[in-house]
Each structure stands twice: as structure tokens, then as C-alpha cells.
Amino acid sequence: MRNIGIYAAAFAALGLGSCAREQKNETELPGNAIAVATTTVENREADREISISGNIEGETTVRLGFMVAGKINYIAAGEGQKINKGQLLASLEPTNYAIGKEIADVQVGQVRDEYDRLKIMHERKSISESDFSKISHGLDQAVAQQKLQAKNLSDTKLYAPISGVLLKKNAEVGEITGVGTPLFVVSDISTVKANAYIPESELQNIKIGQEASVLVSSLDETVKGKIIEVGSAADPASRAFTVKIKISNPKLLIRPGMIAEVKINSGRKGTFLAVPTEAVLRNLNNQNIVYVVDKGKNKAFERKVSLGRLTDNYIEILAGLSAGESIVTAGQNKLTDGADITENK
């Protein structure tokens, strides 16, 4: 009986040891563990960029109005349409000015006839110098009035001084307009400029001729440009300097007023915490996340992160991670918060 008790105790101990080993193996590598690839979060070195915001403006922009008053009887184009240099853009009802020109023509004819008659008499010494001088001045005055009426008649037609796009049309046919009232805005946008402000501390890193990348967010397009102007005086309120970047716009898709995000290489190196772009996901709350590995527990936990710039397929981490932490870079699409994982070797 004593031997039977000893054997029973031995089998019991062996059984407990086996169960403990099985439980330990399950902790280390559960059957439902998801295979993933991981990497260590590190600081990376890259060219430091200066990021500034601005707006787009045309290469040349003109505001147009009539030099005489009147009723508009014609407008050639609507907003957004292309305008050619020298094209008739709009006109006024010309009747009153045409009549004024006819009256001036008649007056010139009358005075000229009188001048020609008195000139013969003057040559014969039949009239005094003062009388002939009066008719000479009268003719000059009539001719000047004729020119003025001709100009007024000509000014009832408004021509485009440049080729471009009609940005603004502040009038309609039938409206009465005054002298010099701005009615149309035409802008040459075959080339545009991004107008932005740069902090005083970064001015030393900016030079005319330097290249810049310009993101036009409304078009979701990044284009290249060159700095053509750097302000010589700071804005009194912001202490920032104007910077203008020239951009080619052959398709005329970039329009004045669009918001531009400008990035300029400062020429200096900088370090930033970054992870591969494929490591970043969005959760159901539309938040940027990565999966951080707990190597002691062989688990991956969801972590919210704040993102910065994108450089060479690496994205900057502004908050949420620290250097040295391990994150999942492959297999993360299968994970949930706290999932068991096994690393691919």
C-alpha cells in the first residue's frame, strides 16, 4: 500500500508538471497568434523643410472700367472664360457720344470755313492780326473739341489689355455705369504666383531662385516653383516677410485665390521620429493609429499617434510614440487591440 501511494504521488507530480509546461507554451505562443513583422521606432535624418501657407495670385491682374459713363449694351464673356489681348470685352450705348461727335464735326467745318475766308483777307492785309488770331484760336478749340468727342465715342468700347481669364464680372447688360467704376477683373494665369509669409527666423535660409514645392489643396496637386521675390521689410504685426513663388500653369487649373501650402528646403539637416508609412492605420473613429508590440506578453496594442510630414516613405510622428519602441509593420490589418502575435523570423 505504501508503494502504491508513492507511485500515485509521482504520477500526480508528473501530471502537474506537464500541465504547467503546456500552460507556459500556450502563454508564449497561443494557437490563434497572428504572425506579424515589426520594426523599432527610430529618429531619422533628413533635409529640414520650411512649411508656410499662402494664396495663389495671377502673374498680371488688371481691373477694368469705362472712361465714360453710360448704359452697358454688350459683355463678351462670363467669369472663368478665356480672354485674348485686344478682344472687345464690353461696350456702352454709343448714341449720345456719336451725336456729340457729329456736332463737333459740324463746328469744325463752320470755323474752318470762316478761318479760310479770313486767312485770305489777312494775307491782303484787310483784317488786323488780333482778329485773325481770334479765328485761329477758335479753330484750334473746335478741333480739340472734335478730338475729345471722338475719344469719348471710342471709349464706349472696352478692350482687354492682356490675355488671361475673366475672374470677375461686376456688371450686366442694361446697367448704368459711371466713369472709372471697376467692372471686370482679368488675370493672366498662364503663370501664377504663390504669395506667402515666412517667419523672420527663417529668412536667412531663403534665396531668390531657390526651388519650392507648392501643394494646391483644392486640386490635390503638388507643383514645382521658384522663389522670385523676397520682401525687404517685415509686416509690422506678424514680423513676417513676403515670399513669392512663380509657378507654371499651362492647363490654367490653378486659379487666383486658391490656398497653397509651400515647402522650401532650408539646406540644413534635421532629425525627426518616424515610422514606415505602412505601419499607420485608421481606426473606426478615423484616428491615426499604430500597433505597439509588448514583447513580454507577445501582444500588440493600439496606440493613437499624431502625424507630421512625409519623407521617403517614412512619416513623422509628432506624438504618441518614443524612440526604441517596437511597432507592427506587416500583418497589422488583421490585428485588434491586445491581439496575440508571433513575430516572423
Side-chain angles (χ1 to χ4, degrees), residues 57-193 252 255-256:
E57 59 184 35
E59 175 69 14
T60 304
T61 300
V62 292
R63 292 164 178 81
L64 305 173
F66 289 97
M67 296 295 292
V68 293
K71 183 171 72 172
I72 299 171
N73 67 356
Y74 174 75
I75 296 176
E79 290 186 3
Q81 291 185 317
K82 190 174 181 180
I83 301 294
N84 295 318
K85 182 179 180 179
Q87 178 182 340
L88 177 63
L89 185 57
S91 65
L92 300 177
E93 173 58 49
T95 304
N96 291 346
Y97 297 102
I99 293 172
K101 172 65 166 52
E102 290 177 5
I103 294 173
D105 291 343
V106 171
Q107 289 175 340
V108 168
Q110 290 177 340
V111 176
R112 191 180 297 279
D113 288 344
E114 182 69 10
Y115 172 83
D116 291 341
R117 185 178 65 84
L118 293 179
K119 182 179 180 182
I120 296 173
M121 296 178 65
H122 178 260
E123 291 172 349
R124 295 175 179 174
K125 308 296 182 181
S126 299
I127 61 171
S128 64
E129 286 290 339
S130 62
D131 288 339
F132 184 69
S133 178
K134 287 179 182 179
I135 192 62
S136 296
H137 292 323
L139 179 59
D140 291 341
Q141 184 177 3
V143 171
Q145 184 65 27
Q146 183 187 43
K147 291 179 179 178
L148 177 61
Q149 293 300 329
K151 181 180 183 301
N152 287 342
L153 180 59
S154 174
D155 285 342
T156 60
K157 294 183 177 181
L158 184 62
Y159 296 92
I162 62 171
S163 296
V165 171
L166 182 61
L167 297 184
K168 290 289 183 182
K169 180 175 74 73
N170 298 322
E172 298 294 340
V173 172
E175 287 188 20
I176 305 296
T177 182
V179 176
T181 303
L183 301 177
F184 307 98
V185 179
V186 178
S187 183
D188 177 7
I189 60 171
S190 58
T191 301
V192 295
K193 292 180 287 188
L252 306 183
R255 297 295 179 93

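We count residues from 1, following the sequence as given.
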Look up atom [atom1] in [X] and atom [atom2] in [Y], then write down how far apart they are to the nearest 0.5 Å.
X: E175; Y: I75; atom1: CD; atom2: CD1; value: 7.5 Å
X: K71; Y: S91; atom1: NZ; atom2: OG; value: 12.0 Å
X: I83; Y: L88; atom1: CD1; atom2: CG; value: 10.0 Å
X: T177; Y: L158; atom1: OG1; atom2: CG; value: 10.0 Å
X: I135; Y: E114; atom1: CD1; atom2: CD; value: 5.0 Å
X: N170; Y: F184; atom1: CG; atom2: CZ; value: 8.5 Å

Non-hydrogen atoms of [X] and [Y] that approach each other most closely:
X: M121; Y: I127; result: CE-CG2, 3.6 Å
X: G78; Y: L166; result: O-CD2, 3.5 Å
X: K193; Y: G58; result: CE-O, 3.7 Å
X: G138; Y: V111; result: C-CG1, 3.7 Å
X: F66; Y: K157; result: CE2-C, 4.3 Å
X: A69; Y: V179; result: N-CG2, 3.7 Å

Close side-chain approach of [X] to [Y], heavy-atom, < 4.5 Å:
X: T61; Y: P256; result: no
X: D116; Y: R112; result: yes
X: T156; Y: N152; result: no
X: V186; Y: I162; result: yes

Expected output: side-chain [X] to main-chain [Y] donor-acceptor under 3.5 Å:
X: D188; Y: S190; answer: yes
X: E79; Y: K169; answer: yes
X: S154; Y: A150; answer: no

Does atom NZ of K119 have more than 12 heavy-atom neighbours from other groups under 6.0 Å away?
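No, not enclosed.
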Is the closest basic N to carboxylate O distance between D105 and K101 below 4.0 Å?
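Counted as a salt bridge, because a side-chain N and a carboxylate O are separated by less than 4.0 Å.
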Checklist entry - Looking at L183, V185, L89, which hits side-chain contact (heavy atoms from CB on, under 4.5 Å) with L64? => result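 Exactly one option meets the side-chain contact (heavy atoms from CB on, under 4.5 Å) with L64, and it is L89.
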query = Which one of L153, D155, I176, V68 satisfies the side-chain contact (heavy atoms from CB on, under 4.5 Å) criterion with L92?
reply =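 By the side-chain contact (heavy atoms from CB on, under 4.5 Å) criterion, L92 pairs with just one of L153, D155, I176, V68: V68.
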